[in-house]
2 protein chains.
Amino acid sequence: MKRTVLIFAALIAALLSLFQLSKYSYISGDSSIEMIIAVIAVVFLLIGLYINKRRNQGKKDPESLGIDHEKIKQLGLSSREYEVLQEISNGLSNREIASKLFVSESTIKTHVSNLLIKLDAKRRTQAIQIAKKYRILPE
Amino acid sequence: MKRTVLIFAALIAALLSLFQLSKYSYISGDSSIEMIIAVIAVVFLLIGLYINKRRNQGKKDPESLGIDHEKIKQLGLSSREYEVLQEISNGLSNREIASKLFVSESTIKTHVSNLLIKLDAKRRTQAIQIAKKYRILPE
DNA sequence: AGTAGTTTGGTACTTTAGTATGAGTACGCT
DNA sequence: AGCGTACTCATACTAAAGTACCAAACTACT
């Protein structure tokens, strides 16, 4: 909501400065009012576009990146298990995960087994599907 | 692109009518120019907001629902292979896919092998990841 | 009718995944 | 100091996945 306040403040400031500009131009005479109006129109059009762009950027991210950390705790997944889960969904084998995390393949197998129990999955592919259903993995 | 043309036409029309309005107000005298400018600002701000809203409505749907059937053809995936791919991403085992499609497990293995070659994947988990990258599977 | 691709299925094999069990280390908490 | 939890790793095993090769039947195309 801070952003909205700032935007409104900027809008009011812009309006006031444009009033000043219009007065100055009015004193110095003649029919350049069209130009001023055109400039104002363009400026506020751009402001409108900018505001909406900002708003939509804010909308999209929470939907796509929203990972339910609560659910992770609820399922009792440890941080290491969660790391392994992420690598599984990246399509890595146990051996590849082991070398990436600098541990033995046995360790990864242990993590995977515990992972499958906690997610109530029979296979790693099913674990991926369930994890995405729970929104604990990005889609 | 038709939409863009229409919007620009509407914009120009609005500008011209506002010019007329400003001239009329100029003749009838005094310092109500501020009001006109304010109206113009608000109107164009709203126009900017409207344009961007329109644009973003068109953007969201094709991204989430779009499955690239062209890419499937391009990769040379047969319809049966694609069915198997879908079941893999649902977390099913070869045996489960076999009974779901009423064929033998050997057949599924053959399909999976061909699938992996065509997707350039080493494992079924990697195949899922690649398929989603290519947008041939829903996320 | 012949050619090409798809679907189906088999055998035999290698590799990877997953289970079960035990056990040592480390860290924080009370 | 003792307790629980997480992390590590090993062995031994079973199950599933994946490879290689072959082959029959069934489209569809021209």
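Throughout, a chain's letter reflects where its sequence line sits, starting with A, and its residues are numbered from 1. These numbers come from a predicted model, not from an experiment.
Between B:R124 atom CZ and C:dT16 atom C1' the separation is 12 Å, expressed in whole Å. Atom CD1 of B:I97 and atom C1' of C:dT7 are 16 Å apart (whole Å). Nucleotide C:dA20 holds its P atom 11 Å from the CG atom of A:N114, rounded to whole Å. If you take CG of B:L101 and P of C:dT6, they are 17 Å apart, rounded to a whole angstrom. Atom-to-atom, NZ of B:K109 to C1' of C:dC13 comes out at 10 Å; the value is rounded to the nearest Å. Rounded to an integer number of Å, the gap from B:N94 CG to C:dG9 P is 14 Å. Counting to the nearest Å, the P atom of C:dA17 and the CD1 atom of A:I128 are 12 Å from each other. One can place CG of A:L116 at 14 Å from C1' of C:dA20, the figure rounded to the nearest angstrom.
Among the atoms of the strands shown, only primed sugar atoms or phosphate atoms (P, OP1, OP2) are found under 4.0 Å from some heavy atom of B:S78. Using a 4.0 Å heavy-atom distance criterion, A:S104 is classed as a sugar-phosphate-only contact. Within 4.0 Å of B:T110, counting heavy atoms only, lies at least one base atom of the nucleic acid. Residue contacts shown for A:S93 are limited to sugar-phosphate atoms, with no base heavy atom under 4.0 Å away.
On the nucleic acid side, DNA chain D has its first and last nucleotide under 4.0 Å of a heavy atom of chain B at D:dA16 to D:dT19, going 5' to 3'.
Note on the helix from C:dA1-D:dT30 to C:dT30-D:dA1: terminal axis deviation equals 50°, with five pairs used at each end and the result rounded to 10°.
Taking the charged nitrogens against the carboxylate oxygens, B:R123 and A:E96 do have a contact shorter than 4.0 Å, which makes a salt bridge.
The residue among A:V112 and B:G76 whose nearest nucleotide of DNA chain C lies closer to the 5′ end is B:G76. DNA chain D is contacted by both A:K118 and A:T125; A:K118 maps to the nucleotide lying nearer its 5′ end (nearest heavy atom per residue).
Checking C:dT19, C:dG9, C:dT6 against every side-chain atom of B:V103, the shortest atom distance belongs to C:dG9. Here the nucleotide nearest the side chain of B:T107, chosen from C:dT7, C:dT8, C:dA17, is C:dT8.
For the pair B:H111 and C:dT8, the criterion of a side-chain N or O lying under 4.0 Å from OP1 or OP2 is met. Proximity of B:R123 to the phosphate of C:dT16: no side-chain N or O atom is located under 4.0 Å from OP1 or OP2.
Distance check, rounded to the nearest 0.5 Å: CG of B:N114 to CG of B:L119 gives 11.0 Å. Atom-to-atom distance recorded for B:K109:NZ and B:I97:CD1 is 12.0 Å, nearest 0.5 angstrom. If you take CD1 on B:I136 and NZ on B:K71, they are separated by 8.5 Å, rounding to the nearest 0.5 Å. Atom-to-atom distance recorded for B:E139:CD and B:I128:CD1 is 12.5 Å, nearest 0.5 angstrom. Here CG of B:L85 is found 10.0 Å from CZ of B:R124. Values are rounded to the nearest 0.5 Å.
Judged by distance alone, with hydrogens and angles left aside, the side-chain atoms of B:E87 form no donor-acceptor pair with the main-chain N or O of B:V84 at under 3.5 Å.
Between the side chains of A:T107 and A:T110, no donor-acceptor pair of N or O atoms lies under 3.5 Å.
Across all non-hydrogen atoms, the minimal contact from A:L92 to A:K100 is CD1-CD, 4.0 Å.
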